[in-house]
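Right, one structure below, let's go through it.
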2 protein chains.
Amino acid sequence: MTQTARGAQRRSVSAQRRVQREEQILEAAMQLFAEHGYSDTDTQLLAEKLQIGKGTIYRYFPSKRALFLAAADRVMRLMRQSIDASIQGITDPFERLGAAIRAFLGFFAEHPEYVELLIQERAQFKDRKKPTYFVHRETNIKRWQELYRSLIEAGRIRNMPVERITDVLGSALYGTMFTNYFLGERPSVEKQANDILDVVFYGILSDAERKKGS
Amino acid sequence: MTQTARGAQRRSVSAQRRVQREEQILEAAMQLFAEHGYSDTDTQLLAEKLQIGKGTIYRYFPSKRALFLAAADRVMRLMRQSIDASIQGITDPFERLGAAIRAFLGFFAEHPEYVELLIQERAQFKDRKKPTYFVHRETNIKRWQELYRSLIEAGRIRNMPVERITDVLGSALYGTMFTNYFLGERPSVEKQANDILDVVFYGILSDAERKKGS
DNA sequence: AAGAGAGGACTGACCAGTCAGTTCTATTCT
DNA sequence: AGAATAGAACTGACTGGTCAGTCCTCTCTT
């Protein structure tokens, strides 16, 4: 084995260990931040929970702030993965949409502490240009708009600006996520998704009233 | 003038002064809390902004926490008033609904700092059973559900559980409020209200697709 | 003069971040 | 193989700064 190869191996081993530790710390930090809020989370407590020295945390993250933001990013990464996995292999566009909505609501229903983290991020770091959630939202939304456009062309959705759909539907989902978290006990994800789809697909007006309007 | 009457007058004068002071403090506190967040707002700074002593603040509010919560309650009171005023005198149910939606979005568009306060409340006082917003929401929602019920009976809205309407529409509004605040520059209140109403009234499906579904 | 109201210096608790010293790990030497 | 060594990783007591809430003093009102 050459010197460089040996060196690389050593680095990669320790790099792997480093990533593991980072994950450990992020996981525990996330729980504490969600439970106590950013300000009321003492890094000393985090160290004790992890059974490591406080200084060690600072070897992996330069500041409490950076640690928190890394935890928030991690949540968004997990969300994205969860939704992507759920629509994997579904071809019918409306079914894809339904699956994505259920995955979104389900993800945050299963992990209410992630919602708390999003709130904390926004409350503590107003200066950051854009909340993590919206950075992720933007890229995702493009894909959905393409879907809507093709459905309009296929005559399955009536002709309207696709932004209108993503704005209204996106807000409804975002609002539902928060409402669920704040109010605790809520209808099942399945029911909520169906309710949203029913209203957004069919509207609330009666047939008679529809004719009047248009 | 009797003794008791004089006494009552004196008390009412000083009580009036007290209320004025409270309002002054709340107004300034709200701005600071919204600007810096709860933890990063120093009561010393608040005192300086008001040109009063720090101790005086504590004569009116027993703690920083109580001060903040009073400010949050005040915002909700203002919101309620603003919406009530906007639907005053409108009789057509659909127009009432439209006016309320515009008033809701307009209120928070004009006062983004109020949104910040709602976020701060939730971030800092997770222990409070229910965020102020939802306490107010609950009472309001009842009134809207009655409206929907009568519209269903009149055959203007198709037959469906009224909770479905309030849940979806409420979430969409709540989500829109936050999205607007987080993303800054956004479409006008008028346009957003119209978009929401269009989707919620008519749905997004084409006529052909609607027939397939039902 | 008496009492309420206002002021702001002060105190004590708290906690992020540091750093000098210790332990662990893996490589080289014998 | 086992010892020796280098340096990376870890530790936790400590520091400096912050800030909510107090309390004694001064002022204004009646």
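At whole-Å resolution of the value, CG in B:L46 and C1' in C:dG7 are 15 Å apart. A straight line from CD of A:E22 to C1' of D:dA9 spans 14 Å, rounded to a whole angstrom. One interatomic measurement links the two molecules: CZ of B:F68 to C1' of D:dA20, which rounds to 16 Å at whole-angstrom precision. In this structure, CZ of B:R21 is placed 18 Å from P of C:dA4, rounded to the nearest angstrom. One can place CZ of A:R17 at 9 Å from C1' of D:dA9, the figure rounded to the nearest angstrom. Note: CG (A:L50) to P (D:dC10) measures 12 Å, nearest angstrom. What separates OH of B:Y60 from C1' of D:dG21 is a distance of 18 Å, to the nearest Å.
No contact: A:E48 has no heavy atom under 4.0 Å from any strand. Heavy atoms of B:F61 sit nowhere under 4.0 angstrom from any nucleic acid atom.
Listed by residue number, there are no residues of residues 27-37 of chain A with a heavy-atom contact under 4.0 Å to DNA chain D.
Residues satisfying the salt bridge (charged side-chain N to carboxylate O under 4.0 Å, His left out) test with B:R164, not counting sequence neighbours, are A:D195, A:D198. B:R80 pairs by the salt bridge (charged side-chain N to carboxylate O under 4.0 Å, His left out) definition with B:D84, not counting sequence neighbours. For B:E23, the salt bridge (charged side-chain N to carboxylate O under 4.0 Å, His left out) test picks out B:R74, B:R77, with sequence neighbours left out.
Checked against the 6.0 Å centroid criterion, the rings of A:F108 and A:Y181 do not qualify as a close aromatic pair. Under the 6.0 Å cut-off for aromatic ring centres, B:Y38 and B:F125 qualify, their centroids lying closer than that. Taking the ring centroids of B:Y133 and B:Y174, they lie under the 6.0 Å cut-off.
Here salt bridge (charged side-chain N to carboxylate O under 4.0 Å, His left out) pairs that include residues 34-57 of chain B, with residues two or more places apart or in two chains, number zero.
Residue B:E163 holds its CD atom at 7.5 Å from NZ of A:K191, rounded to the nearest 0.5 Å.
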Check: Could you go step by step and tell me if B:E121 and B:T132 meet the side chain to side chain donor-acceptor pair (under 3.5 Å) rule?
Finding: CA-CA 8 Å; B:E121 184 198 14; B:T132 321; 2.4 Å; yes
Check: For every nucleotide of nucleotides 13-18 of chain C, 5' to 3': is a protein heavy atom under 4.0 Å from its base (B), only from its sugar-phosphate (S), or from neither (-)?
Finding: --SBBB
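For B:R59 and C:dG7, the shortest distance from a side-chain N or O to OP1 or OP2 is not below 4.0 Å. Regarding contacts with the backbone of D:dA9, every side-chain N or O of A:T56 stays at 4.0 angstrom or more from both OP1 and OP2.
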